[in-house]
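Below is one structure, written out as structure tokens; the observations come after it.
Every value quoted in this text rests on a predicted model; they were computed, and no experiment measured them.
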Amino acid sequence: MSGDQEFPIHVFPARVGNAIYEIVQHTHAPLPMVAAEMLGVISLACQNRIDVCRLNNLRSPTSLFIVTIAESGERKSTVSKLLMKPIYQLEERLFDLYKQEIIKWRYNVKIFKAEEKALMSKLKSEIRGGKDPTITRESLSMLQDSYPVEPVRYKLTFNDTTPAAIKEYLCGDWRSVGILSDEAGTIFNGYALNELPFVNKMWDGATYSVERKNAPERLIKNARLTLSLQVQSVVINRYIERKGDIAKGIGFFARTLICRPFSTQGYRQITNPVVSSEHLPVFHERLMEIVNESIENKDERICLHFSPEARQRWIAFYNQVETEMRLLGFLSDFKDYASKIAENMARIAALLHYFNGDEGDVSLTAVEAAIEISAWYVDEYIKLFSKQQELDMVNTDADELYWWIKEYCNQNLLPYMRKNTILQYGPNRFRDRGKVNELLSTLYSQGKIKAAKKGKTIFIQAMDTWGFNEVKKYHRYTCLF
């Protein structure tokens, strides 16, 4: 079972991990939610500075797609504002500067057009009068070369937007943006994710043709897009009902690091009113150093390669994932997601390596950290989508009770529960002792629960399939991984 305690926060570089802990102390938000938002911010900052090269120099972006399912009251907005504060401040300064520059540019364009009009008038007059127009033509040609250069609109983030607006922007000179939202209901219910093939292409870093009526074709080349969306469960469930088959079929969810952290509501006790505030500024300093470098060198990206040891570890991880996609493998029902795991892992490794300021090739340490993080997200994906698949296939009272037991234990951080808890707090139609005994007997015979008796109390434990981390541990023990 994946829980907040098992999230591999310890594998993050110190300046990242310390900042995550500090925000958790300040906000009491779920740790995986803070970590996911942190990964999104790092992806946004680094995606225009670095690419990652895997086996045989296969180059890909380092952009991440992240979806975190969290209910209202989990302090999503607070976490986002804390992490993104200097980026939002920079965007305001850049926009103010852009407004000044655009006024100057429009003025210079007016001057250019006036000079062009005067020269064209002179050219026509010379042609009509039979004079030699050579010098005027040369002047016109020189003038065309001096057309005022439109200032670059540096916009780093979008919130609620349309695919058309994003395409229009990425056709410009700045081609690195993020769609970030701490309340992504407008994203999932609106237009931003209406064109998933386009969104997938941006994750791939592929060239995309933009065609408009009465306008020449334009190409989006070498663009980078980060998605970091926090959304309530009711919204994502409705989205899956409407477009889940499409989103899975074309690989959007396969590209996405998705999780549903345990709620901390009801457990946010103040035990120490004094918390540290020294680590977040250190994180912000490195963050803005990378963002400013990205703007100054907007057309240059470094390609990070793996060190020999890191490359061998990546190959071993790739091979293990491939093995688990076989008929009886742990990932046999999730081949779409499995096909992107190794690439997402490589992206995370490169991001952690670069953000930490490490020199040279991506290290084995960064790859090991990325494997732990990726494995956690694999477990989260399977936990979310296998539940949906099973409920879709069999909608019986026994299955519903099974998932209620699992959810109750997960939410309350319990390894097992008393049978009487079902009678006291379970769904109304299950608060009948005879029916509960019948359903529990069915689940026990199916191997979905364990039962133990201590005195007169019966304890129930929902059985989980192995998570990816458990599979890894097993294969390490048997020298297969």
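Across Ser294 and Ala45, no two heavy atoms sit closer than the pair CB-O, 4.4 Å. Contact record, Met33 with Pro261: N-CG, 3.9 Å, taken as the closest heavy-atom pair. Nearest heavy-atom pair across Asn200 and Phe252 is OD1-CA, 3.5 Å. Residue Phe306 comes nearest to Arg311 through the heavy atom pair O-NH2, 3.2 Å, listed as atom of the first residue, atom of the second, then distance.
Ile42 CD1 to Leu287 CG: the interatomic distance, rounded to the nearest 0.5 Å, is 8.0 Å.
Cation-pi geometry between Arg347 and Trp203 is satisfied (NZ or CZ under 6.0 Å from the ring centre, within 45° of the ring normal). At least one test fails for Lys383 against the ring of Tyr381: distance under 6.0 Å to the centre or angle within 45° of the axis. Cation-pi geometry between Arg286 and Tyr354 is satisfied (NZ or CZ under 6.0 Å from the ring centre, within 45° of the ring normal).
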With salt bridge (charged side-chain N to carboxylate O under 4.0 Å, His left out) as the criterion, how do Arg313 and Glu368 come out once you've worked through the C-alpha distance, each side chain's angles and the decisive distance to 0.1 Å? CA-CA 8 Å; Arg313 189 69 183 94; Glu368 292 285 8; 3.0 Å; yes
Worked check of side chain to side chain donor-acceptor pair (under 3.5 Å) between Asn222 and Arg175: CA-CA 7 Å; Asn222 294 318; Arg175 303 187 178 191; over 6 Å; no
Determine whether Ser277 and Glu22 satisfy the following criterion, side chain to side chain donor-acceptor pair (under 3.5 Å), listing intermediate values before the conclusion. CA-CA 7 Å; Ser277 58; Glu22 193 167 89; 5.8 Å; no
Evaluate Glu37 against Gln230 for side chain to side chain donor-acceptor pair (under 3.5 Å), listing each step before the verdict. CA-CA 8 Å; Glu37 188 74 1; Gln230 300 183 71; 3.0 Å; yes
Pair Gln47, Thr62 - check side chain to side chain donor-acceptor pair (under 3.5 Å), show working. CA-CA 5 Å; Gln47 65 181 359; Thr62 52; over 6 Å; no
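Proximity of the aromatic rings of Tyr337 and Phe385 is defined here by a centroid distance below 6.0 angstrom, and this criterion is not met. Checked against the 6.0 Å centroid threshold, Phe253 and Phe334 do not count as a close aromatic pair. Centroid-to-centroid, the aromatic rings of Tyr208 and Phe198 come within less than 6.0 Å.
In summary, Glu380 and Arg260 do not engage in a salt bridge, as defined by a charged side-chain N under 4.0 Å from a carboxylate O. Using a cutoff of 4.0 Å between basic side-chain nitrogens and carboxylate oxygens, Asp204 and Arg255 are scored as salt-bridged.
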